[in-house]
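Here is the structure we will look at, set down as structure tokens.
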Amino acid sequence: MNYEFSPETLWQNKLFLLEGTRTTLLITAGALGIGLLIGGIAALGKTSKHRIFSVAAGSYIEIFRNTPELVQLIWIYYCVSILVGLNMEASISCLIALGLNSGGYMAEVLRAGIQTVHSGEIEAARGLGLSKYQVTIRITLPQAIRTMIPPLVNQSIIVLKNSSLVSVLGVMDLTFRAQVVSTNTFKPIEMYTAIALIYFVLCTILSYLARLGERRLVAYR
Amino acid sequence: MNDNAPMVKVEKVNKYYKDHHVLRDIEMEVRRSEVVVLIGASGSGKTTLLRCINGLETIDNGCIFVDGEPIGCWVTKDGTRCRDSERALNRKRSQIGMVFQKFNLFSHMTALENVMLALSCVKKMPQQQAREIAIEQLRNVGLQDRLSSYPSRLSGGQQQRVAIARSLAMEPKLMLFDEVTSALDPELVGEVLETMTDLARRGMTMIVVTHEMGFAREVGDRILFLHDGSILEQGTPQEILKNPKSVRTKAFLGKVL
């Protein structure tokens with residue numbers, strides 16, 4: 001093997017990579033926000049009695065869950081620009097694509113969370129004279145949220161990992177910056193090992209949070 | 001309200017689930033402090049009748065009055081049918097206690113929180129006062145040392161007693177019991193029936209759907225036998241259990257006694 005290890009390359013580019021980590025986290029957070037919002041709407045749509053809403057929400061969920069993230073990303077960046085004639089900044093179109101993608105998964109998580117609440121409990125609350133609004137606030141939501149936290153954290157880990165795809169469109173995230181540095185310095189081993197570690201640490205923190213949430217759940221189950 | 005007026009009055013009530021005629025011309029009255037036991041095979045309409053009395057189900061025609069107030073809907077003098085507003089129905093429901101077969105405790109709340117919820121939410125009581133009443137009610141059903149237990153940590157019998165305490169805390173005029181011992185292990189049935197017997201002795205008006213004929217005999221003032229959505233026969237426990245007139249009542253009792 002004719003490769004000269006040079007860990008100091010990492011040190012020299014630490015700020016450059018740190019900036020990339022920030023971009024990665026921002027994209028992840030933004031996509032999760034959009035995903036929660038759209039996922040929530042899609043979950044409501046899917047459970048709606050009106051066929052138009054349930055079919056629309058269902059199609060959205062199926063399309064985004066059954067096509068590759070990378071294709072969605074590229075499609076939204078290039079094809080939407082051509083079709084609408086709108087020149088979107090790469091980072092914005094990435095946010096939208098990742099958000100729509102995670103929304104498809106979150107819709108199912110949110111729907112399942114709400115449907116796990118035992119209908120008898122809702123009836124008992126109605127029987128005691130609680131209004132529909134009070135039932136939602138005091139019974140349905142607290143239980144649904146507790147059930148949904150672990151799968152939602154898992155979903156955010158997936159979004160964090162998927163965010164590395166945005167490098168393909170030239171968004172300066174962690175992965176893109178590692179590519180830049182490794183091309184300039186011919187040090188791919190250091191760079192890709194370093195960013196793998198950064199992703200690993202970030203995801204581990206998230207899954208630790210998920211486990212904490214699950215343990216809380218066990219308190220009343 | 002006149003003390004001689006019935007607590008519950010059901011007038012010519014009919015209910016359909018699509019083509020299925022679940023309740024047929026039901027007429028009944030329950031006096032104050034009376035314990036009425038509804039018996040009948042599953043699917044005979046007992047549970048549906050009970051659920052109509054606190055407005056959890058709507059009726060297609062006829063009227064139900066609890067303490068003189070119509071539940072869910074009523075007919076005005078010129079014959080039009082009016083429905084209760086959501087708010088009005090919630091208020092009326094809060095005065096009628098209901099206990100279910102499957103307990104239906106709020107699984108994310110402790111026993112104490114289960115009992116307190118409606119006091120603070122519906123009766124708008126301050127926390128401290130709600131807490132005192134809830135503790136008192138749980139003590140009455142013998143659960144003063146399980147206040148902070150979650151339902152999953154309680155036995156079926158204990159859960160059902162919490163559910164009874166939760167209803168009683170609202171000081172209902174009427175209590176409805178829907179096969180409350182059917183989901184319990186045999187050795188836990190006694191504690192729940194004891195709580196109900198105690199309640200009847202204290203003068204609560206109760207409508208009880210049950211297969212516990214012992215309870216019906218001991219505590220019931222009157223037994224109604226439902227078959228296929230109609231009240232086929234009614235009378236004192238003595239009359240119904242010892243000398244049923246209808247062949248169907250005989251056949252049913254033959255199976256459960």
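Chain A is the first sequence line, chain B the second, and so forth, proteins listed ahead of strands; every chain is numbered from 1.
- When atom types are taken as modelled, the side chain of Glu121(A) and the backbone of Ser107(B) share a donor-acceptor pair closer than 3.5 angstrom.
- Crowding of Phe65(B) atom CZ: a count of heavy atoms from other residues, nucleotides or ligands under 6.0 Å exceeding 12.
- In terms of non-hydrogen atom pairs under 4.5 Å with chain A, the most contact-rich of Asn54(B), Thr110(B), Asn90(B), Leu56(B) is Asn90(B).
- Looking at every heavy atom in both residues, Ala118(B) comes nearest to Leu128(A) through CB-CB, 3.9 Å.
- Within 6.0 Å of CZ in Arg22(A) there are 12 or fewer heavy atoms belonging to other residues, nucleotides or ligands.
- Of the listed residues (Gly127(A), Gly120(A), Ala125(A), Gly129(A)), the one with the most heavy-atom contacts under 4.5 Å to chain B is Gly129(A).
- At most 12 heavy atoms of other shown residues, nucleotides or ligands fall within 6.0 angstrom of atom CD in Glu194(B).
- For chain A, the nearby part of Arg51(B) is the side chain; its heavy atoms alone come within less than 4.5 Å.
- Taking a 6.0 Å sphere around NZ of Lys123(B), one finds it holds more than 12 heavy atoms contributed by other residues, nucleotides or ligands.
- In this structure, CG in Leu89(B) is found 12.0 Å from OG in Ser131(A), a value given to the nearest 0.5 Å.
- Considering CD1 of Ile139(A) and CE of Met109(B), their distance stands at 4.0 Å, rounded to 0.5 Å.
- Around OH of Tyr208(A), the count of heavy atoms belonging to other residues, nucleotides or ligands within 6.0 Å does not exceed 12.
- For Phe106(B) against Ala124(A), the heavy-atom pair with the smallest separation is CE2-CB, 4.3 Å.
- Residue Leu105(B) touches chain A through its backbone alone, counting heavy-atom pairs closer than 4.5 Å.
- Scanning both residues, Arg138(A) and Cys121(B), for their nearest heavy atoms gives NH1-SG, 3.4 Å.
- Counting heavy atoms of neighbouring residues, nucleotides and ligands inside a 6.0 Å radius, atom CZ of Arg202(B) exceeds 12 of them.
- Surrounding CD of Gln115(A) are more than 12 heavy atoms belonging to other residues, nucleotides or ligands, all under 6.0 Å away.
- Contact annotation for Met98(B): neither backbone nor side-chain heavy atoms come within less than 4.5 Å of a heavy atom of chain A.
- Both the backbone and the side chain of Glu123(A) come within contact range of chain B, each with at least one heavy atom under 4.5 Å from a heavy atom of that chain.
- Annotation for Glu86(B) and Arg126(A): closest pair OE2-NH1, 3.3 Å, computed over non-hydrogen atoms.
- Only the side chain of Leu117(B) comes within less than 4.5 Å of a heavy atom in chain A; its backbone stays farther off.
- Heavy atoms of other residues, nucleotides or ligands lying less than 6.0 angstrom from CD1 of Ile52(A) number 12 at most.
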